[in-house]
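Remarks on the structure that follows.
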Amino acid sequence: MKRTLTALATLALLVAALSYGVANWYVRRAAASETVVDLNDTAWLKRELKLTDAQSADIEKLDKEFRQKVEHCCETHCGARFTLSEELAKSQVDLVKAAACVDRMSAAQAESEHATLDHILRVRAVLSPEQQRQYAALVSKQVCTACPLGLHHPTL
């Protein structure tokens with residue numbers, strides 16, 4: 001009787017370990033198979049969308065302008081966040097100053113999102129109708145499939 005119970009417990013443990021291993025492998029394999037693409041990588045876009053040299057040059061120029069706008073937003077956001085951190089480190093927090101920092105951070109984030117939207121639309125304008133469909137699918141997949149913080153999952 002003891003041997004039977006020990007054998008069953010061992011078998012149950014092995015089955016549980018095996019199922020955990022298979023599930024873990026499956027989840028990791030699925031996550032690894034989804035490649036994250038940089039839609040601002042003009043060389044990749046050129047290959048993926050079969051861009052002409054003229055289209056590549058136009059998109060390269062748009063990308064340079066976009067990166068400058070986003071860098072400015074990032075500098076503004078980080079500066080406000082740094083000032084906020086200094087304010088929060090004080091024994092007595094000035095709520096007006098802290099709220100102003102949050103407002104500057106929010107404005108910088110909104111400016112960055114608007115710059116991104118503008119960039120996407122400007123890139124699309126350079127593309128042929130078929131390339132636009134492909135690009136729209138790539139953008140949609142990148143924008144709409146994951147929470148940037150990893151906290152939420154999209155509901156379709």
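For the single chain, residues carry numbers from 1 onward in sequence order.
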Tell me, please, which residues at least two apart from [X] pass side-chain contact (heavy atoms from CB on, under 4.5 Å).
| X | answer |
| --- | --- |
| Cys78 | Cys74, Arg81 |
| Arg3 | none |
| Glu86 | Phe82 |

Before giving the answer on side-chain contact (heavy atoms from CB on, under 4.5 Å), spell out for Gln55 and Leu49 the whole-Å C-alpha distance, their side-chain angles and the decisive distance to 0.1 Å. CA-CA 10 Å; Gln55 287 175 315; Leu49 301 178; over 6 Å; no

For [X], what residues pass the side-chain hydrogen bond (donor to acceptor under 3.5 Å, both in side chains) criterion, not counting sequence neighbours?
| X | value |
| --- | --- |
| Gln109 | Glu113 |
| Ser128 | Gln131 |
| His119 | Asn40 |
| Lys50 | none |

Starting from Phe66, walk the hydrophobic network (Ile, Leu, Val, Met, Phe, Trp, Tyr; side-chain heavy atoms closer than 4.5 Å) and list everyone else you reach, by chain and number.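 Answer for Phe66: Val70.
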
Report the hydrophobic cluster partners of Leu121, with the cluster defined as I, L, V, M, F, W, Y residues connected by side-chain heavy atoms closer than 4.5 angstrom, directly or transitively.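 Members other than Leu121 - counting any ILVMFWY side chain reachable under 4.5 Å - are Leu117.
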
Side chains of Glu111 and Thr76, heavy atoms from C-beta outward: is any pair under 4.5 Å?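 Contact flag for Glu111/Thr76 side chains = no.
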
Side chains of Leu51 and Leu127, heavy atoms from C-beta outward: is any pair under 4.5 Å?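 When only atoms from C-beta onward are counted, Leu127 and Leu51 do touch, with a gap below 4.5 Å.
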
For the student: nearest non-hydrogen atoms of Lys69 and Asp118, plus distance: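 Distance-wise, the nearest heavy atoms are NZ-OD2, 3.6 Å.
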
Testing the basics here: between Tyr135 and Ile120, what is the closest heavy-atom pair and its distance to 0.1 Å?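 Shortest heavy-atom separation between Tyr135 and Ile120 comes out as CE2-O, 3.7 Å.
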
For the pair Ser56 (side chain) and Thr52 (backbone), establish whether a donor and an acceptor sit closer than 3.5 Å, ignoring hydrogens and angles.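 Between the backbone of Thr52 and the side chain of Ser56 there is a qualifying donor-acceptor contact (under 3.5 Å).
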
Any side chain to side chain donor-acceptor pair (under 3.5 Å) pairs touching residues 89-108, not counting sequence neighbours?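 Those involving residues 89-108 are Glu87-Lys90.
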
Quick test of your reading: applying side chain to side chain donor-acceptor pair (under 3.5 Å), list the pairs with at least one residue in residues 57-68, sequence neighbours left out, ordered by first then second residue.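 For residues 57-68: Thr42-Glu60, Asp63-Arg67, Glu65-Arg122.
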
Which pairs count as salt bridge (Lys or Arg N to Asp or Glu O under 4.0 Å) when at least one residue sits in residues 124-133, sequence neighbours excluded?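 Output for this query lists Glu130-Arg133.
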
